[in-house]
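The next block holds one structure in the form of structure tokens; read it before the comments.
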Amino acid sequence: MPFHEIVDHFPSVQHAFAYGSGVFKQPGLYANDTKQYEGPMIDMIFAVDDPLTWHKENIARNGSHYSSLKWLGPSAIDYVAEILGSGVYFNTLVPFQPGILIKYGVVRLDTLQRDLLQWNSLYIAGRLHKPVQTLITDPQIAAAQTLNLESALRTALLLLEDETFSLRQLLRVLCGLSYEGDLRMGLAEDSRKVERIVTGTQKIFVC
């Protein structure tokens, strides 16, 4: 389905993108899909000017998406995002339509911009080292994303041990930057995740 249709079900956002295995096919990941859902969960990020106002409206519109934290109000949601989520609050395993699950994270626009420019946490900047499908574009975020990608490429080139390398080797390092030191890799996360991403999106990287 067109991902723009998903965004239309939410309050206004300034920047939005979809990413992950629900957007870009990753070989070998789909054999064990359940019959209830058509494929992997669709991951999305919504960047908004004012998360408090956005969550207040979204709770009124899509209250079933939230955990019991919603009863404490938007301020509690924003607090959890800032303290525990690197500025991002996620609603996950949300049934959107029959056969479709979504996960969406909400982040303050200037928090996203700082992460892209300064790599404060790489929480979202790292996701944007891989191909994404941009749905709504904020000009300042688009400019910051260009610099984010340039920084990622320079860092990947520095990390490559050999003077000569293949495109695939470069993409492996580039995709793996945000996972360096992440204890989830090999535990909660798929240890072959980077390889799957590269295999599934190599043609997109070079477009």
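Atom set for the values below is all heavy atoms of this structure, side chains included, hydrogens, waters and symmetry mates excluded.
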Shortest non-hydrogen contact between A156 and L170, atoms and distance: CB-CD1, 3.9 Å
Q14 atom CD, neighbour heavy-atom count above 12 within 6.0 Å: yes
Nearest heavy-atom neighbours spanning G126 and S178: CA-CB, 3.5 Å
same_hphob_cluster(V80, W71) at 4.5 Å side-chain heavy-atom cutoff: no
Rounded distance [0.5 Å steps], CG in N120 versus OG1 in T111: 8.5 Å
Side-chain (T155) to main-chain (S151) donor-acceptor, under 3.5 angstrom: yes
Side chain to side chain contact (heavy atoms under 4.5 Å, CB included) evaluation trace for L101 with V94: CA-CA 5 Å; L101 281 177; V94 175; 5.9 Å; no
F96/H9 aromatic ring centres below 6.0 Å: yes
Neighbour count >12 (heavy atoms, 6.0 Å) for atom CD, E161: no
Option passing side-chain hydrogen bond (donor to acceptor under 3.5 Å, both in side chains) with Y104 (candidates T92, D43, N58): N58
S67 to Y89 - nearest heavy-atom pair and separation: OG-OH, 3.8 Å
Chi angles and distances behind the side chain to side chain contact (heavy atoms under 4.5 Å, CB included) call for I100, I102: CA-CA 7 Å; I100 297 176; I102 66 171; 4.2 Å; yes
Test item: L109 and D138 side chains (from C-beta on) under 4.5 Å apart, heavy atoms: yes
Any donor-acceptor N or O pair under 3.5 Å, side chains H129, N148: yes
D115 side chain vs I124 backbone, donor-acceptor pair below 3.5 Å: yes
For the student: nearest non-hydrogen atoms of G63 and K70, plus distance: O-NZ, 2.9 Å
Polar side-chain atom of T134 near backbone of T137 as donor-acceptor pair, under 3.5 Å: no
Distance in Å, K103 NZ paired with I42 CD1, rounded so as to fall on 0.5 Å steps: 12.5 Å
Among T53, L69, L52, side chain to side chain contact (heavy atoms under 4.5 Å, CB included) partner for P74: L52
Y79 atom OH: more than 12 heavy-atom contacts under 6.0 Å: no
Residue pair W54, D49: steps toward the side-chain hydrogen bond (donor to acceptor under 3.5 Å, both in side chains) verdict: CA-CA 8 Å; W54 194 92; D49 285 326; over 6 Å; no
Minimum-distance pair of heavy atoms, taken over all atoms of V7 and M44: CG2-CE, 3.8 Å
K56 NZ: over 12 foreign heavy atoms closer than 6.0 Å: no
Ring-face cation of K130 near Y19 (centre distance under 6.0 Å, axis angle within 45°): no
A142 backbone acceptor or donor facing T146 side chain under 3.5 Å: yes
Single-linkage hydrophobic cluster L153~L147, side-chain heavy atoms < 4.5 angstrom: no
Under 3.5 Å donor-acceptor, R108 side chain and V48 backbone: no
Interatomic distance, H15 atom NE2 to L135 atom CG [nearest 0.5 angstrom]: 8.5 Å
Co-membership, hydrophobic cluster, residues I83 and L72, 4.5 Å side-chain: yes
Min side-chain heavy-atom separation V132-V23 under 4.5 Å: no
Contact check, side chains of F17 and L128, non-hydrogen atoms, under 4.5 Å: yes
Geometric class of the Y66/H55 ring pair [parallel <30°, tilted 30-60°, perpendicular >60°]: perpendicular
From L160 atom CG to S166 atom OG, the distance as rounded to the nearest 0.5 Å: 9.0 Å
Joint hydrophobic cluster, V107 plus Y123, side-chain heavy atoms closer than 4.5 Å: yes
Evaluation steps, side chain to side chain contact (heavy atoms under 4.5 Å, CB included), between H65 and F10: CA-CA 11 Å; H65 295 182; F10 294 93; 3.8 Å; yes
Reported CG-to-CD distance for the pair L117 and Q140, which is rounded to 0.5 angstrom: 9.5 Å
Point-to-point distance, once rounded to the nearest 0.5 Å, from CD of E57 to CG of D50: 11.0 Å
Distance-minimising heavy-atom pair for A144 and Q113: CB-CG, 4.2 Å
Working for side chain to side chain contact (heavy atoms under 4.5 Å, CB included), residues L112 and V88: CA-CA 9 Å; L112 171 56; V88 190; over 6 Å; no
